[in-house]
Novice: 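A single structure is presented below for examination.
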Amino acid sequence: MERKRWYKDMVFYQIWPRSFKDGDGDGMGDLWGVLEKLDYIQSLGCDGIWFSPIYPSPGADCGYDIADYMTIAPEFGGMEAFRQVLDGLHQRGMKLIMDLVVNHTSDEHEWFQKSRQRIEPYTDYYIWRPARPDGKLPNNWDSNFEGKAWTFDPVRQEYYLHLFAVKQPDLNMDNPLVREEVKKILRHWLDMGVDGFREDVITYISKPDGLPNDHIFPIYKGMRHYNHGPRIHEYLAEFKRDVFDHYDCFTLAEAPLVWPKRALKYIHEERGQIDMMIQFQCQCADCLFTDYLPTKFSLRRMKRAFSQWQRKLSGQAWNMLYIENHDHPRIISRYGSEDFPTESGKTLAVSYLFQQGTPFLYQGQEIGMLNWRPEDPEMYEDVQSRYQYTHAALNKSPKERLERLWRCSRDSARTPVQWDSSENAGFTTGKPWFYVNPNYKQINVAAQEKDPDSLLNFYRKAIKLRKSLPVVRHGTYREYFARSGKRYVYSREMEGQRLLVVCSFSDKPMKLKMPRGFDLSKAELILQTHPTATDILQSYESRVYLWEK
């Protein structure tokens, strides 16, 4: 089947279901709540939804520990609610992509329970190893979440590999039976009408023979061996050939620690196995290696990453554009300014929405939800945050470790969406499954709907404008003033249209500085974050200019 690549003209909205909207009053977000808000999502200019996992799960990693891939968890409304949401999206001309999590399962999945008992054919569905002769672990690899990457199973009397939480054992993708199981999962949802998949840490699924020790990486030992493992392209090509090529769908890969040159091996439009890639380089402008080793935000670092991906993928592959998702703190708290939340939120929107690629918005991003700052570390839900507080940076005081969570925890992106100023932010009529950010009375959808200058209405305007300009899809990209740590300026050009995006990341006014060759007297100012435009950019002011022949 010829690939239609319809995703190039779309804007997606990511939903973290348990915190989006509760439709049945039990305190947890569900698909009934999503159904209620489909028109709202469409009003943003979004053409599709990406659901974080909604499968049955014990919840060790908020749904990324899946116990059954073939159905929808009852707490989210089950298959009845899912079919209504899917039909509702398609009736509106919108698309739906699901999360595919096949590097690991829950330890409560039937496959694992049978594997630990050596029941065929499941014995080798996971990666098992005995202890070494000296009694030590099979190798020195680290888990991304909880200590070492091996846990002893008393039933099987062997260790199993888990690159994430203890309750997330890694599948053995070298076993062809496991790959056939993955294909069954894919066909099951595609046959139902799902339009594609976001593939969770998919670059981890191929482990090297012998599982060698890692004596180079100081932390996350083993990652250099299993990230982009030896048979990764072979397995992805198999999934594409046997499944995806037979459906009108698209695939989006999550790929930690990847740069454009390597990404092209996955997403090249002629030779790749996947359509787009979520890369973390543009989201590492304030960290050394992970979000738990924070440094000061560097606009230069973020611009350099944006520009590399724009230039090096041009004409060969398609960018996935995002600034916020469920794995990162809130973007205004992180890269903008809580002293200028609306202004910096608008500038962050402008900075990425006019690049080439398919933009994704994360729930609450469009109203500028901010980081959550609880006083008690026990209030955190996220397995990674809990482990980091207890085991990382122990030379720091409890207050300093808590402040690090305030800045870096994924839980800041997982507090319930703030719909209005009523109790529980209008998220639920019951007791919320998780804490609501106390600032909901000031930051909420209902208040911003009424304000024409709100961040919410700015997102609508910017997305509508983006879709109306062919130069955004087809134009070349060029960055200016690359050495500046306060301004981000780039152009998009094609025959007949020339776009210039000017973004200030300063909390103080600064002089408008135009690149050579751009005559403002012949330009139309088509988008601005502030009511008046002078030769001075105000704090976090951004503008978009257009020249047309």
Side-chain angles (χ1 to χ4, degrees), residues 7 10-21 29-31 33-38 40-55 61-64 72 76 82 85-86 88-89 92 94-101 189 194-202 249-256 275-280 282-283 318-332 334 345 348-349 352-353 355 357-369 382 410-419 427 434 445 455-456 459-460 462-463 466:
Y7 54 83
M10 301 186 69
V11 177
F12 276 89
Y13 190 86
Q14 183 195 351
I15 290 180
W16 178 258
R18 65 188 61 209
S19 290
F20 181 69
K21 183 69 169 74
D30 52 41
L31 294 174
V34 174
L35 190 64
E36 177 186 330
K37 296 297 184 181
L38 289 184
Y40 166 78
I41 295 168
Q42 189 174 42
S43 79
L44 299 173
C46 293
D47 313 281
I49 286 173
W50 154 27
F51 277 133
S52 290
I54 48 179
Y55 314 99
D61 184 24
C62 281
Y64 281 89
I72 303 298
F76 293 126
F82 178 78
V85 170
L86 183 60
L89 286 168
R92 291 169 173 80
M94 300 170 72
K95 304 287 189 181
L96 172 64
I97 62 172
M98 301 277 279
D99 233 312
L100 178 73
V101 187
W189 294 107
V194 166
D195 301 291
F197 296 91
R198 176 263 191 189
E199 302 182 2
D200 185 67
V201 291
I202 198 66
C249 66
F250 96 103
T251 50
L252 172 64
E254 182 190 32
D275 295 312
M276 289 194 296
M277 178 168 282
I278 305 173
Q279 43 73 25
F280 290 88
C282 298
Q283 277 286 320
W318 197 249
N319 272 288
M320 184 270 197
L321 307 174
Y322 80 109
I323 53 174
E324 186 166 298
N325 69 21
H326 67 289
D327 275 336
H328 298 289
R330 289 293 182 176
I331 196 68
I332 292 173
R334 191 177 185 189
L348 285 160
Y352 90 109
L353 282 177
Q355 296 180 36
T358 297
F360 282 66
L361 274 69
Y362 178 67
Q363 62 184 45
Q365 175 186 332
E366 74 275 16
I367 60 169
M369 287 179 63
D382 174 39
R410 303 188 301 177
D411 272 346
S412 278
R414 299 176 181 187
T415 57
V417 171
Q418 296 159 206
W419 294 104
F427 165 70
F434 194 43
V445 171
L455 180 57
L456 171 62
Y459 263 102
R460 288 174 170 143
I463 290 171
R466 171 198 163 83

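Each residue takes its place number in the sequence, starting with 1. The model shown is predicted, which means the values in this text are computed figures rather than measured ones. Side chains are part of it too, since the values below use all heavy atoms of this structure and drop only hydrogens, waters and symmetry mates.
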Novice: Would you say the ring centroid of Trp419 lies under 6.0 angstrom from that of Tyr40?
Specialist: yes

Novice: Can you measure from OG (Ser52) to CG (Asp327) and round to the nearest 0.5 angstrom?
Specialist: 8.0 Å

Novice: Taking the ring centre of each residue, are Phe82 and Phe51 less than 6.0 Å apart?
Specialist: no

Novice: Nearest 0.5 Å, please: how far is CD1 in Ile54 from CD1 in Ile72?
Specialist: 3.5 Å

Novice: Are Ile332 and Leu455 close enough that some pair of their side-chain heavy atoms sits under 4.5 Å apart?
Specialist: yes

Novice: I'd like to check Arg334 versus Leu348 (side-chain heavy atoms, cut-off strictly below 4.5 Å). Are they in contact?
Specialist: no

Novice: Are Val201 and Pro256 side-chain neighbours, meaning at least one heavy-atom pair lies under 4.5 Å?
Specialist: yes

Novice: Quick one: does Phe76's side chain get under 4.5 Å of Val34's, heavy atoms only?
Specialist: no

Novice: Taking atom NZ of Lys95 and atom CG of Leu86, what is their separation to the nearest 0.5 Å?
Specialist: 10.5 Å

Novice: So, do Met320 and Phe12 sit near enough that their side-chain heavy atoms are less than 4.5 Å apart?
Specialist: no

Novice: Is it true that the side chains of Tyr13 and Glu366 contain a donor and an acceptor less than 3.5 Å apart?
Specialist: yes

Novice: Under a 4.5 Å cut-off applied to non-hydrogen side-chain atoms, are Leu361 and Ile463 in contact?
Specialist: yes

Novice: If I compare all heavy atoms of Cys46 with all of Met94, which pair ends up nearest, and what's the gap?
Specialist: O-CE, 3.5 Å

Novice: Rounded to the nearest 0.5 Å, how far apart are OG1 of Thr358 and CG of Leu321?
Specialist: 7.0 Å

Novice: For the backbone of Leu96 and the side chain of Asp195, can you confirm whether one donor and one acceptor N or O come within less than 3.5 Å of each other?
Specialist: yes

Novice: Does any part of the side chain of Ile41, heavy atoms only, come nearer than 4.5 Å to the side chain of Leu89, both counted from C-beta?
Specialist: no

Novice: Apply side-chain contact (heavy atoms from CB on, under 4.5 Å) to residues Phe360 and Leu252 and explain how you reach the verdict.
Specialist: CA-CA 12 Å; Phe360 282 66; Leu252 172 64; 3.7 Å; yes

Novice: Starting at OH of Tyr352, measure out to CG of Asn319 and round the result to the nearest 0.5 Å.
Specialist: 13.0 Å

Novice: Treating Arg92 as the side-chain partner and Gly88 as the backbone partner, does any N or O pair qualify as donor plus acceptor under 3.5 Å?
Specialist: yes

Novice: Hey, does the side chain of Gln363 reach the backbone of Val417 with a donor-acceptor pair shorter than 3.5 angstrom?
Specialist: no

Novice: If you compare all heavy atoms of Arg18 against all heavy atoms of Phe427, which two are closest, and at what distance to 0.1 Å?
Specialist: O-CZ, 3.3 Å

Novice: Any donor and acceptor pair, going by atom type alone, linking the side chain of Asp275 with main-chain N or O of Thr251 inside 3.5 Å?
Specialist: yes

Novice: Give the minimum heavy-atom separation between Pro53 and Pro17, together with the two atoms involved.
Specialist: O-CG, 4.4 Å

Novice: Does Gly33 offer a backbone N or O that forms a donor-acceptor pair with the side chain of Asp30 under 3.5 Å?
Specialist: yes

Novice: Please list, chain by chain and in numerical order, all residues satisfying side chain to side chain contact (heavy atoms under 4.5 Å, CB included) with Asp200, sequence neighbours excluded.
Specialist: Tyr64, Asp99, Val101, His104, Arg198, Glu254

Novice: Begin from the C-alpha positions of Tyr362 and Arg330 and carry the test side-chain contact (heavy atoms from CB on, under 4.5 Å) through to its verdict.
Specialist: CA-CA 10 Å; Tyr362 178 67; Arg330 289 293 182 176; 3.5 Å; yes

Novice: Is there a donor-acceptor pair under 3.5 Å between the side chain of Glu324 and the backbone N or O of Ile331?
Specialist: yes

Novice: Closest approach of Tyr322 and His328, non-hydrogen atoms and distance?
Specialist: OH-NE2, 3.7 Å

Novice: How long is the span from the CD atom in Gln365 to the CD1 atom in Ile323, to the nearest 0.5 Å?
Specialist: 4.5 Å

Novice: For Ser412, what residues pass the side chain to side chain contact (heavy atoms under 4.5 Å, CB included) criterion, not counting sequence neighbours?
Specialist: Asn371, Trp372

Novice: Mind listing the closest non-hydrogen atom pair of Ala462 and Leu353 along with its distance?
Specialist: CB-CD1, 3.9 Å

Novice: Measure the shortest side-chain to side-chain distance between Arg410 and Cys62 over non-hydrogen atoms and say whether it is less than 4.5 angstrom.
Specialist: no

